[in-house]
Amino acid sequence: MSVRVRYAPSPTGLQHIGGVRTALFNYFFARSQGGKFILRIEDTDRERYNDESLQDLYDTLEWLGIQWDEGPGKGDFGPYVQSQRFDIYQEYAEKLLKDGKAYYCFCTPERLDAVREEQKKNKSKIQGYDRHCRDLDPAEALKRKESGEPCVIRLKVPLDGKTTFHDEIMGDITRKNSDVNPDPVIVKTDGFPTYHLANVIDDHLMGITHIMRAQEWIPSGPLHVLLYQAFGWEPPKYCHLPLVMGKDGSKLSKRHGATSLRDFRLGGYLPEAITNYISLLGWSYDDSREFFTREDLEKLFTLEKLNKAPAVFDYKKLEWFNGQYIRQRSPESLKELLLPILQKDGIISNPPTQRELNIFDGALPLIQERMKFTTDVSEMVRFLYQEIESYTTADALPKKMELAAVPAILEACYSLLEGFEQRSDEENEQLFYNKAEELGIKMGQILQPLRVAVTGTRISPPLFESIRLLGVDKAAARIKALSEQIQKETA
RNA sequence: GUCUCCAUCGUCUAGGGGUUAGGACACCGGGUUUUCAUCCCGGCAACGGGGGUUCGAUUCCCCCUGGAGAUGCCA
C-alpha cells in the first residue's frame, strides 16, 4: 500500500517551529516513499479559530516550498476542512451511540469543575470525569436530548483490560484502560467533534497510512486505538516525533524567543536555512553530513534515523546555517531578497533608480560575506545612500592617540584622495601605507579615522571599495566634515 | 499526585559488547586581514548513578535519579 501521510494543523495561531517540523517530516516521508502528502485543516475549535492563522499556514508552506498533493481544493478524499465535514462526524457519532460504544452526557461544566475540585482536595487516585452519565438509559437520554437539553457525547472507555499501540520509533506503548482518560468527550455541546473523533474518522476515511505527529500525542495514542476499535477499523501506523524544547528544557514557546515562522521570515532568515536546521531536530543522516536542501531531504529522509529524545532548539546554530546559506545564494537571487528590504527601510526608492542599483551591485559582493540575516543589509549599506547625520568623534580616535592629532591624519587622507579612482586598490594601499610610515603611525591608525569619516562607524565593508562606491567627492566632503567637527570639539 | 515516554560533550547528534567515543554549533586560542566578518588551523568538552549479564559494558536487562509530556466540551 502506498504511503499517505498528512499534516493536520489547527488554525488557532501562527505556524511555529514545532508544527512546521512535523509538516516537513511528513512531507519528506511522503516524497521519499513516493507517497502522498495531505493537508487537512482541523478547525473544530470554533472559539479559537481565526482567518489570519489559516492565511499564515498557507503563506508559510509556500515560503518553504512545500506543496500538498491533496488538501483544500485538491484531491478526491475531501473536503479537507473539518468544519465542512460536520455531517460525516455526526453520522459516525450516531453509529457509536447506536452500537452502545458512546453515550450522551448531560453534566454541566460546573458539575465537572466541582468533581475535579473534589478529586484534588481528596487527592483521589481517580482523575477526570466520574462517568456519571455512562449508565443512563439510552432511550431516556435521547428523549432529554431531543427536548433540547444541552449535552455532549462521550466514548465508553473499557473499564478494564489494556490497550497497546505500536510506534515506529518508540516500539510498543501500553496503557491500562483504567488509566486512559475516563470517557472523553467526542462531540461537544455545539455539535462539533473534538479532535480525537474528527482526527480518527478523517485519518481512516482519507486512507492515512502513517500518523506522524509530536510526542505530546503519545498519551492519547491508546484512546485513538480504542476509537478505531469501536468503529471496527484498523489503526494506521504511528510515529511520534521527539519534542522541540527551549533552552530551559520545556516545550519551545514564545518565551524562549521567536518561534513563529513569520517572525523568522521577517527577521531575515532564509527558508532553506530553516528547513535544513529544523530537519536536524530529531533526525540525522550520518555521522558528518549536515547540509541538506529540500530536494535532498525529499530523497534521503528515513524513519529509521529519527531520534527518540527531545531536542533543544539552538538559535545560534540556526543563525550559522543562515549565514552559510546567504553566502551560498547567487548574487541575483540574493539581490531579489535584499532590494525589498532596502525599500522598506527607506534606503532606496521604489522603484529603485539606476544609480541606486549600480551602488547596490557594487556593494553586494562586499556585504554577502558579512551578513547573518538578510535584514542586516540596510545598516551595512546605509552610508552609501544617506548622509551621515553626525559623527561620534570618539570612534575616530585610534588607540594610543590624542583626539587633537586626528585632523592631521584626516588631512593626509584627504590629500591622498587625489587621483584615488585612477589607481588600483593595491596602489592606494601602498600609498596609505607610505603615508602612515611618514607620519610614524600604523596602517590601522590612519585607516580608522578615515573609515569613520566615510562610513560613520568603526565597522564597515572594505574601505577602499566603499570609497569607490560612494564616490571620491563625497568621501572627501565627509573627511572635511569630520575633521571640522573634531577641531571644534578640541578647540 | 497519577500515567506514559526519554537519557552520549553546554547544544544538535554519530556510534555501538573490545573505538584515541566521531562530526557540527557555541566557546577559547592561532593564522589571513585596513575595521567587522568570511576563510583556514588548533584546543576545551560527553557515555547520570547503582546493580546485574559477560572474558569484557557507554552499548543488553533491572532499579534509582533526573528531565519531559499528558492528565480539557484545545488541538
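Numbered from 1 within each chain, the chains take letters A, B, ... in sequence-line order. The model shown is predicted, which means the values in this text are computed figures rather than measured ones. Just so it is clear, the values below take in all heavy atoms, side chains as well, and ignore hydrogens, waters and symmetry mates.
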Got a salt bridge between [X] and [Y], using NZ or NE/NH1/NH2 to carboxylate O under 4.0 Å?
{"X": "A:E216", "Y": "A:K251", "result": "yes"}
{"X": "A:D43", "Y": "A:R85", "result": "no"}
{"X": "A:E117", "Y": "A:K120", "result": "no"}
{"X": "A:K317", "Y": "A:E319", "result": "no"}

To the nearest angstrom, how far is [X] atom [atom1] from [N] atom [atom2]?
{"X": "A:Y49", "N": "B:rC74", "atom1": "OH", "atom2": "C1'", "value": "16 Å"}
{"X": "A:M371", "N": "B:rA37", "atom1": "CE", "atom2": "P", "value": "16 Å"}
{"X": "A:N181", "N": "B:rA70", "atom1": "CG", "atom2": "C1'", "value": "10 Å"}
{"X": "A:K316", "N": "B:rA24", "atom1": "NZ", "atom2": "P", "value": "18 Å"}
{"X": "A:N276", "N": "B:rA24", "atom1": "CG", "atom2": "C1'", "value": "11 Å"}

Using Watson-Crick or G-U wobble geometry with both distances below 3.5 Å, tell me the partner of [N], or none.
{"N": "B:rA7", "answer": "B:rU65"}
{"N": "B:rG42", "answer": "B:rC28"}
{"N": "B:rC47", "answer": "none"}
{"N": "B:rU2", "answer": "B:rA70"}

As a test of reading the structure: which of [options] is closest to the side chain of [X], going by heavy atoms?
{"X": "A:E369", "options": "B:rC25, B:rC5, B:rA37", "result": "B:rA37"}
{"X": "A:D314", "options": "B:rU35, B:rC74, B:rC25", "result": "B:rC25"}
{"X": "A:D45", "options": "B:rC5, B:rG69, B:rA75", "result": "B:rA75"}
{"X": "A:L112", "options": "B:rU13, B:rU11, B:rC73", "result": "B:rC73"}
{"X": "A:Q127", "options": "B:rG1, B:rU34, B:rC39", "result": "B:rG1"}
{"X": "A:M245", "options": "B:rA24, B:rA68, B:rC73", "result": "B:rA68"}
{"X": "A:L280", "options": "B:rC73, B:rA70, B:rC12", "result": "B:rC12"}
{"X": "A:K308", "options": "B:rA75, B:rA24, B:rC6", "result": "B:rC6"}
{"X": "A:R327", "options": "B:rC3, B:rA75, B:rU38", "result": "B:rU38"}
{"X": "A:S10", "options": "B:rG10, B:rA75, B:rU13", "result": "B:rA75"}

Can a side chain N or O of [X] be found less than 4.0 Å away from OP1 or OP2 on [N]?
{"X": "A:N307", "N": "B:rA7", "value": "no"}
{"X": "A:R289", "N": "B:rG23", "value": "no"}
{"X": "A:Q215", "N": "B:rG67", "value": "no"}
{"X": "A:K442", "N": "B:rU33", "value": "no"}
{"X": "A:K251", "N": "B:rG69", "value": "no"}
{"X": "A:T44", "N": "B:rA75", "value": "yes"}
{"X": "A:K305", "N": "B:rG15", "value": "yes"}
{"X": "A:K188", "N": "B:rC74", "value": "yes"}
{"X": "A:S460", "N": "B:rU35", "value": "no"}

Could you tell me whether [X] contacts a base, only the sugar-phosphate backbone, or nothing, with contacts defined as non-hydrogen atoms closer than 4.0 Å?
{"X": "A:L243", "answer": "sugar-phosphate"}
{"X": "A:T457", "answer": "nothing"}
{"X": "A:E379", "answer": "nothing"}
{"X": "A:P184", "answer": "nothing"}
{"X": "A:G444", "answer": "nothing"}
{"X": "A:G282", "answer": "sugar-phosphate"}
{"X": "A:P222", "answer": "nothing"}

Q) Relative to the 5' end of RNA chain B, which residue comes earlier, A:E216 or A:R175, by the nucleotide with the nearest heavy atom? A) A:R175
Q | 5'-most by nearest nucleotide on RNA chain B - A:V312 or A:P109 | A |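 Result of the comparison: A:V312.
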Q.
For A:Y195 and A:H224: C-alpha separation, side-chain torsions, deciding distance, then whether ring pair (Phe, Tyr, Trp, His ring centres under 6.0 Å) applies.
A. CA-CA 10 Å; A:Y195 166 82; A:H224 294 178; 5.8 Å; yes
Please evaluate the base of [N] for a donor-acceptor partner in the side chain of [X] within a cut-off of under 3.5 Å?
{"X": "A:K317", "N": "B:rA24", "answer": "yes"}
{"X": "A:R458", "N": "B:rU35", "answer": "no"}
{"X": "A:T189", "N": "B:rC73", "answer": "yes"}
{"X": "A:R370", "N": "B:rU35", "answer": "yes"}

(Q) Please report whether the ring centroid of A:F301 lies less than 6.0 Å from that of A:Y285. (A) no
Q) Does a donor on one side chain and an acceptor on the other come within less than 3.5 Å for A:E272 and A:T275? A)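 No pair is found: no donor N or O on one side chain lies under 3.5 Å from an acceptor on the other.
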(Q) Within the structure provided, determine whether A:L463 and A:L447 are in side-chain contact (heavy-atom separation under 4.5 Å). (A) yes
Q) Hey, does the Lys NZ or Arg CZ of A:R144 hover above the aromatic six-ring of A:Y104, less than 6.0 Å from the centre and inside 45° of the axis? A)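 No, A:R144 and A:Y104 do not form such a contact.
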